[in-house]
Amino acid sequence: MTADLPPLQSMTGFAAVDGSHGEATWSWSLKSVNGKSLDVRWRMPSRMDSLEGTLKKTLQGQIARGSISANLQLDLPGARSEVQVNLDALDRLARVARRRDGREPDTATLLSLPGVLETRSSSLSEEEQTALNDAVLESFSVAAKALRLARLTEGAQLYQILSGLMDQIEGYTNDAEPLAEAVTLAMAERLSTLAADLANKAGTAIPEERLAQEAAVLATKADVREELDRLRAHIVSARELLSSGQPAGRKLDFLTQEFMREANTLCSKAGSMELTNIGLALKSVVDQFKEQVANVE
């Protein structure tokens, strides 16, 4: 991460870039939303289909994750459109139809299928088309960088939100520490009082060894210090990921599950209403954290 870039990149953003070469003009528009991986949907004139592989590599240099819609509007003044039949595609479809139906397929039906008829412009020579391709590729590189910048701008806002939520999680964890100690001591005192009451009613004393065993069992069930220790460890990991400058969405999502697991355990083991309320508040903040993490690359 460099000093002038925010540490997080959002998966939402938009960029548009115009370009021209000779008489040709075009416009790239890139829209990005949340996605589990890098998924790109291309909308381009058929004459530019050969660029798709190079275009995707260029995009991968700027973006690691998200669902991208890439749209190229190309205008070639004076271009003459010619309709050509893709004979290879026509022959393949005809063979499939014969195997399936056992008779000659209807030619009109085959011609209506996608990929059989191709519309091409005959106005450019091979050299002119190559020059146009290079210019369009260069323009797309500018658009990809602009999209990354837009996502980083939103990422800066995400960083502030997530850091604030992490502060809240840390605050609730700190608030639970003294209550956890108090609950353990209170439980031991209640056990001692109950034992004395039972001994008085039964006319016999409960062995100290038995009391110690019961106290240990109850203390283990009510002790949430291990959960609090794990919460602190997760907080450290989350802060490191938020500031790493690397794609962290997947790892943060996993940490969110760990936060929620500890918060649920805290609620189930809480021996006081105050500790229960902290556990519930913690779960609420973790839910908010999860919603925001879904936007992180």
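For this chain, numbers begin at 1 and follow the sequence in order.
For S163, the side chain to side chain contact (heavy atoms under 4.5 Å, CB included) partners at least two apart in sequence or on another chain are Y159, L242. Qualifying side chain to side chain donor-acceptor pair (under 3.5 Å) partners for N133, counting only residues two or more places apart in sequence or in other chains: Q129. Residues satisfying the side chain to side chain contact (heavy atoms under 4.5 Å, CB included) criterion with R261, sequence neighbours excluded, are E258.
Screening residues 154-176 for salt bridge (Lys or Arg N to Asp or Glu O under 4.0 Å) gives D167-R239, E170-R239 as the qualifying pairs, with residues at least two apart or on separate chains. Applying the salt bridge (Lys or Arg N to Asp or Glu O under 4.0 Å) test to residues at least two apart or on different chains, the pairs with a partner in residues 274-296 are D253-K290. Annotation: ring-ring contact (aromatic ring centres under 6.0 Å, His included) contacts involving residues 51-74, sequence neighbours excluded, are absent.
Note that CE of M11 and CG of N295 are 6.5 Å apart. Values are rounded to the nearest 0.5 Å. In this structure, CD in E177 is found 8.0 Å from CZ in R225, a value given to the nearest 0.5 Å. Atom-to-atom distance recorded for L30:CG and L59:CG is 7.0 Å, nearest 0.5 angstrom. Within the model, atoms NE2 of H21 and CG of L74 stand 11.5 Å from one another, a figure rounded to the nearest 0.5 Å. Here the CD1-OH distance, from I278 to Y172, works out to 8.5 Å after rounding to the nearest 0.5 Å. Atom CG of residue L158 and atom CG of residue L152 lie 11.0 Å apart, to the nearest 0.5 angstrom.
Applying side-chain contact (heavy atoms from CB on, under 4.5 Å) to E297 and the options S32, P247, S10 leaves one that passes, P247.
In terms of heavy atoms, A238 sits closest to L255 at N-CD1, 3.5 Å. Between V285 and Q168, the shortest heavy-atom distance links the atoms CG2-OE1, 3.5 Å. For the pair A176 and L275, the tightest heavy-atom approach, listed with the atom from each and the gap, is CB-CD1, 3.8 Å. The shortest heavy-atom contact between G279 and A263 is O-CB, 4.3 Å. For A15 against A143, the heavy-atom pair with the smallest separation is CB-O, 3.7 Å.
One finds a salt bridge joining R230 and E226 here, because a Lys/Arg side-chain nitrogen approaches an Asp/Glu carboxylate oxygen to under 4.0 Å. A salt bridge does not link D49 with R47: every distance from a Lys NZ or Arg NE/NH1/NH2 to an Asp or Glu carboxylate oxygen is 4.0 Å or more.
Taking the six-membered ring for Trp and thresholds of 30 and 60 degrees, W42 and F140 have ring planes inclined between 30 and 60 degrees apart.
You'll find the side chain of L147 reaches within 4.5 Å of the side chain of I63, heavy atoms only. A 4.5 Å side-chain heavy-atom check between L162 and V296 finds at least one atom pair inside the cut-off. Annotation: side chain of I68 is not in contact with side chain of R41 (no heavy-atom distance under 4.5 Å). Residues R232 and N174 form a side-chain contact, since some pair of their non-hydrogen atoms from C-beta on lies under 4.5 Å apart. Contact of the M273 side chain with the N277 side chain is registered, since non-hydrogen atoms from C-beta on lie closer than 4.5 Å. Using a 4.5 Å cut-off on side-chain heavy atoms (C-beta onward), F259 and I169 make contact. Side chains of M260 and V286 form a contact here, defined as non-hydrogen atoms less than 4.5 Å apart.
When hydrophobic clusters are built by joining Ile, Leu, Val, Met, Phe, Trp and Tyr residues whose side-chain heavy atoms come closer than 4.5 Å, directly or via intermediates, I161 is grouped together with L252. A single hydrophobic cluster is not seen to contain both V17 and M48; linkage of ILVMFWY side chains at heavy-atom distances under 4.5 Å, directly or through other members, places them apart.
R43 places no side-chain N or O within donor-acceptor distance of the main-chain N or O of A70, the cut-off being under 3.5 Å. For the pair S139 (side chain) and V136 (backbone), a donor-acceptor distance under 3.5 Å is absent. Within the 3.5 Å criterion, the main-chain N or O of T54 finds a donor-acceptor partner in the side chain of T58. Formation of a donor-acceptor pair under 3.5 Å by the S141 side chain with backbone atoms of L137 is not found in this model. Judged purely by atom type and a 3.5 angstrom limit, S27 has no side-chain atom pairing as donor or acceptor with the backbone of Q73.
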Do L55 and V40 pass the side chain to side chain contact (heavy atoms under 4.5 Å, CB included) test, and can you show the C-alpha distance, the side-chain angles, and the key distance before you say yes or no?
CA-CA 10 Å; L55 291 169; V40 189; over 6 Å; no
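Other residues, nucleotides and ligands contribute at most 12 non-hydrogen atoms within 6.0 Å of the CD atom of E126. Other residues, nucleotides and ligands contribute at most 12 non-hydrogen atoms within 6.0 Å of the CD atom of E138.
The closest side-chain donor-acceptor pair between W26 and S20, if any, does not fall under 3.5 angstrom.
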